[in-house]
Enquirer: 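Dropping the structure in here first, questions after.
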There are 2 protein chains.
Amino acid sequence: MPRSPSTADPADTSLRQQVYVSLREALTAGRFAPGQKVTFRYVAGVLGVSLTPVREALRRLVAEGAFEMQPNRSVRLPLMTRAKVLELRDMRMALEGLAAEKAALAASRDQIAAIRRAAREIVAARSRGDGVTDRQKVREFHFAIYAAAGQPTLLRVIEGLWLQTGPYMNLLYPDFVASPRGPAGRLRIIEALQARDAATAGREMQQDIGRALTYVADLADDTGNIAPARPLPARRRRGVAAGADAFELRAT
Amino acid sequence: MPRSPSTADPADTSLRQQVYVSLREALTAGRFAPGQKVTFRYVAGVLGVSLTPVREALRRLVAEGAFEMQPNRSVRLPLMTRAKVLELRDMRMALEGLAAEKAALAASRDQIAAIRRAAREIVAARSRGDGVTDRQKVREFHFAIYAAAGQPTLLRVIEGLWLQTGPYMNLLYPDFVASPRGPAGRLRIIEALQARDAATAGREMQQDIGRALTYVADLADDTGNIAPARPLPARRRRGVAAGADAFELRAT
DNA sequence: GGATGGAATTTGTGATCACAAATTTGCATT
DNA sequence: AATGCAAATTTGTGATCACAAATTCCATCC
């Protein structure tokens, strides 16, 4: 068993890995617009490396579905149609439900404490209106559970699915939080983990994900346009294109 | 939606893709031994290409979990422990069950006919003792169903999971067939698809996979050794290493 | 005889180059 | 002003090279 079951191996210091992590973070932070074309040389230029590591990092992200390759051999951020959101919803319900079941059976006292802490921090951040911390802690809450399941392959696949939904969850963030989701669902999950009740933990996790992504699906049409209920603050236009913000290579 | 939802895009004529397909086939055919190290230059030499396309193809397979990268930065075929088989079993039950449900709702008359045909050919091949055709048709039967579900992302992830179990299913083939699996389960699946009974189709698919992989799990120990009930015909030793057979670049 | 240390070899990584496919640009024509 | 077409530019692909990390080999020593 490799030391790090996650895809972001901190022991890997290769440029390829650094580029991969940078792109992943930029993706999660919503710094690519839907349908935006990403060229190898542009990424290489921004990060100050040659094409070689960029190629490998970008190709990996294509393999993971985070980017898509077009027939004319250019790489773009995929558009998110309503059908694709629903497909991802059902896959995430199945796999993250499974992970929650496993976590209920395997989570240690310390791991449950960490999960509970993340849940508290979500509430705190949301009451402050701190969206960045909110999203970060939501992710932390979920992955603390999935890591506690102790299933490295399952974890890797779930990470891949988040990578595909991530950019859009971010794009729709204000609406997403306004959706009917309070801390109650999370508390029920934690309770089930504590009680080692795998069936309930799985079911509650499925409901949580199902509600969230059904809501997101209703914001997407069939042509790949995402339509936020309220217009987004600035520079982010719906539809294709819009200029890319630069992203920096994380500190080494 | 890309023309080919599968990972093996026939329209892609790049060397990278050809190397990827070659490695994939060699993997599925069991031409790599568990734990066997695979060097870039060896693959490049056998296929008569430079390192560049080999790197990208092999890295993609690492990203898909078909190979694993060691801390000393060499690429190997992962060992298959009992725990990993069980993990893959549960993931496959969840996702292939989901795919069967979707297929029950979406499969066309023609698609169901193709599924039925594959099921018949499995029976025929098995009665002839034709293992190669048997395995091929089993794969065809399953993927005909998953393709009928019309969910490209789901299909891609399932293909990735098969790529991880494939080499070992092959290794254990004689035992696997001897396991208590007849055509009955497959017929029940087809019946459910025909009746558009999603719940039953999903449940039957889960049972089929659950039975098969539980059986395989019992043949694996915790150290990564696969122990066939009867010794395998020849040159294939259990445990680490054993020389690699060459594999050829498919006709272009 | 087995352990040890350093040289020789193997092997992955990143940069660079040549080239062909795709895209954009710019100009001429209707 | 819209259209067609060729030149110019952009961009992905594959090969090659230099280099450092890892591995193997082999002589030497206890």
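Values below: every heavy atom of this structure, side chains too, minus hydrogens, waters and symmetry copies. Throughout, a chain's letter reflects where its sequence line sits, starting with A, and its residues are numbered from 1.
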Enquirer: Under 4.0 Å, counting only non-hydrogen atoms across every strand here, what does T39(B) touch: a base, just sugar-phosphate, or nothing?
Expert: sugar-phosphate
Enquirer: Under the rule for ring-ring contact (aromatic ring centres under 6.0 Å, His included), what residues qualify as partners of F141(A), not counting sequence neighbours?
Expert: none
Enquirer: Let me spell it out: for each of R55(B) and K37(A), pick the nucleotide of DNA chain C with the closest heavy atom. Which residue's pick is nearer the 5' end?
Expert: R55(B)
Enquirer: Quick one: list whatever passes side-chain contact (heavy atoms from CB on, under 4.5 Å) with V157(B), sequence neighbours left out.
Expert: M91(A), V157(A), L95(B)
Enquirer: Quick one: on DNA chain C, does R16(A) or S74(A) contact a more 5' nucleotide (nearest heavy atom)?
Expert: R16(A)
Enquirer: Just call it for S14(B): base, sugar-phosphate, or nothing, with non-hydrogen atoms closer than 4.0 Å on any strand.
Expert: sugar-phosphate
Enquirer: List for me each residue that meets side-chain hydrogen bond (donor to acceptor under 3.5 Å, both in side chains) alongside E140(B), sequence neighbours excluded, and say none if there are none.
Expert: K137(B)
Enquirer: Angle between the end axes of the helix from dG1(C)-dC30(D) to dT30(C)-dA1(D), five pairs per end, to the nearest 10 degrees?
Expert: 10°
Enquirer: Run R60(B) and E56(B) through salt bridge (Lys or Arg N to Asp or Glu O under 4.0 Å) and show every step you take.
Expert: CA-CA 6 Å; R60(B) 175 171 173 190; E56(B) 299 196 355; over 6 Å; no
Enquirer: For DNA chain C, note the earliest and the latest nucleotide, 5' to 3', having some atom under 4.0 Å of a heavy atom belonging to chain B.
Expert: dT11(C) to dG14(C)
Enquirer: State which residues pass salt bridge (Lys or Arg N to Asp or Glu O under 4.0 Å) with K84(A); sequence neighbours excluded, sorted by chain then number.
Expert: none
Enquirer: Applying side-chain hydrogen bond (donor to acceptor under 3.5 Å, both in side chains) to R16(A) and Y20(A), what does each step give before you reach the verdict?
Expert: CA-CA 6 Å; R16(A) 169 189 357 110; Y20(A) 173 77; over 6 Å; no
Enquirer: In terms of the nearest nucleotide of DNA chain D, which residue is placed more toward the 5' end: R41(B) or T52(B)?
Expert: T52(B)
Enquirer: Determine whether a donor-acceptor pair (N or O, by modelled atom type, separation under 3.5 Å) exists between the side chain of Q164(B) and the backbone of P78(B).
Expert: no
Enquirer: Aromatic rings Y146(B) and H142(B): how do their planes relate, parallel, tilted or perpendicular, breaks at 30° and 60°?
Expert: tilted
